[in-house]
Q: 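To start, I am sharing the structure in question, which I have written as C-alpha cells.
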Amino acid sequence: MTNANSPLALVRSTIAEANDLLCSVNLLTWDARTQMPKAGAEARGKMLATLTRIVRHQLTSDEFAERLARAEEGAVGEVAAELAQIREGTDVLRRIPARLLSDIAELKARAGETWQAARRNNDFGSFAPDLERMVGLNRELAAAIGFDEHPYDALVGSYEPGMTSARLATLFEELRGGILPLLAAVKERGAEPDTSFLSQRDYPITSQLKAAEQFASLVGYDLERGRIDRSVHPFEISFTRDDVRITTRFNPNWMPMSLFGALHEAGHALYEQGVKPDYARTVFTTDLVGLYAVAGTSYGTHESQSRLWENLVGRDASFWRAHYSALQAIYPAQLEGIGIDKFVRAVNAVRPGFIRVEADELTYNLHIMLRVELEMALMDGSLAVTDIPEAWNEKTREYLGLEVPSNADGCLQDIHWSTGLIGAFSTYTIGNVMSVQWLEAAKRQDPNVAPALERGDVAPLRTWLQENVYQHGRRYSPDELLVRATGQSLTAAPYLDYLARKYRELYAI
Ligand code: ZN
C-alpha cells in the first residue's frame, strides 16, 4: 500500500486531476459540437482554454517535477514504466513555451474564419497570410519539441510516437507502388457499379438513426456506456471508459454516410470502452503532450480500429451475407429488389475524386500522401505557402489523374491546416495499413476468428482486439503494441495484399 503523501501517490493524484479536467474539456467539446447554440462559441472557447491552461500549469510546475523525481527513485517494473511515460510527456510539455501555445490558439480562432471565407469565395490568397503564420508557428513548435532529422518529425511524433518523415517516405513509396497500378486496372476495367439506389431513394433520418444504433451495437458498441448524436463532422469522444460517445451525420440522399460513419466511430468507441478499468485517471488514459483524455495509444492506432470495423468488417461481403436482411428490414422499400452482391459492390465503388472525405478505400491514401508531402515541404521550407495551389494540383494530376477545378475543391477543402493540425493527416494512412495487420494477426492466432466472420459473427475478432489492443490503453507505444501482438512493426505488404484481393474480385480484374 502506498502512503497517501508519498511522492508516488502525489504524482498519481496530480495525473488523476489532470485527467478529470481533460475529461471535462472533452465533455465541453462534445457539447459544443452537438448541442451548443452558435452564440456560445466565444465563451466556450475561453472555458476550454482556461481548463487546459490549469492542467498545463500543474503538469509543468517545479513542485510536480520535484515530486516526480523523488517518485522515480528506486521505482521498478510497472511503476517505473508509468513514471517514465509521465516523465516523457511532461518533459516535452515543459519545452513548449506558454507564449507559443497562446499565439497558436489566437491564430487558430482567426484562421478558422479566414479559411471558411476563403473556401466560400475560392480565394486562396486571402487565407495565405494566416496559413503562412501557422506554418511559422509550427516550425517554432517543432524546434521547441526537438527533432533529429526533419522538423516534421517533431509534429508527427506528437500524434504518432516513433513516426518520422523518413519512415513515412518509405511507406508511401511502397503504397504508391501497389495502389497506382491497381487503380489503373480498375479504371481500365471501366465497370462502374450502380449506386443510384443509395442516392436516389429516400432514406428518412429516423431510419438512418435506427440503422446507426443497430449496427454500432452489433459490432459491440455498448450503448449503456455511450450514445449516438448528430453533428456536422462525425467524431468519437470519451470521458472515461464508462461514457464514450459517438456522432454521425445523415444525408437523406446518401445512406452509406451514416451507416459506415457509425461503424467507423463505433470502432473508435470500442477502443475507448475496452481499456482496463484500472487505467482510469492514470497516464495510460491521458495524452500529456496533446493534453487530451484518451485511451488509444496514438492517432494512427485509433484510426486502425475505426477503419477495421468500417472497412475490413463493415464493407465485406460475408458481413452482409449475414446481416443484409436486418438492413433491409429497416429500409424495406428502399432496398427492395437490391441483392447483396449489388449492395456490396455499390458500397465499395472506386471513384477517383477531388474530395478526400468522399474518397473510396483505394484512392483515400493518395489524398493523404499528397497532403503529407506538402506538409513536409512546408516545414523544411522547400515549399512556400503561395506555391501550395500549384503543388497541390500537380500532385492531384500525378496521383489521381484529375484536373483540380478550383482551389475550393483543392487545397482549401480541409479544415486541418487552419486549426494548426500539421502532422495529423499521416495517421489516417497509418491506421489503414495497421488495420490489416491486426485482422491478419487475429486470424492467424485464433482459428475461430475467420470462420466466425464468414458467418457474420464478430465476437471472436472483438475478443482478440480487446485482449491485444483495447485493454492496454496507452501503456505501450504504437510500435510496441503492434510488435507484441502481431510480431511486426508497421508494414505495407498485408494492406496491399488486402487491397489487391478485394478489388481484383470486385472488379473481376
Ligand atoms: Zn476516425
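The first residue of the sequence shown is numbered 1, and numbering continues consecutively from there. Just so you know, ligand 1 is whichever comes first in the structure, and atom 1 is the first atom listed for that ligand.
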Q: Is it possible for you to check whether Arg315 lies under 6.0 Å from the centre of the six-membered ring of Phe260, through NZ or CZ, and within 45° of that ring's axis?
A: yes

Q: Taking 2.8 Å as the cut-off, does an N/O/S atom of His302 lie below it from the Zn ion (ligand 1)?
A: no

Q: Are there over 12 heavy-atom neighbours, none belonging to Glu398, within less than 6.0 Å of that residue's CD?
A: yes

Q: Take the Zn ion (ligand 1) as the vertex and measure to NE2 of His264 and NE2 of His268; round to 10°.
A: 100°

Q: Only distances under 3.5 Å count here; give the side-chain donor-acceptor pairs of residues 22-34 to other protein atoms, sequence neighbours excluded, each with its distance to 0.1 Å.
A:
residue: Ser24; atom: OG; partner: Asp20; partner atom: O; Å: 2.9
residue: Asn26; atom: ND2; partner: Ser238; partner atom: O; Å: 3.0
residue: Asn26; atom: ND2; partner: Ala293; partner atom: O; Å: 3.0
residue: Thr29; atom: OG1; partner: Val25; partner atom: O; Å: 2.7
residue: Asp31; atom: OD2; partner: Arg44; partner atom: NH1; Å: 2.7
residue: Asp31; atom: OD2; partner: Arg44; partner atom: NH2; Å: 3.1
residue: Thr34; atom: OG1; partner: Trp30; partner atom: O; Å: 2.8

Q: Which residues pass the side-chain contact (heavy atoms from CB on, under 4.5 Å) test with Glu88, not counting sequence neighbours?
A: none

Q: Looking at Glu303, which of its N, O or S atoms is the nearest one to the Zn ion (ligand 1)?
A: OE1

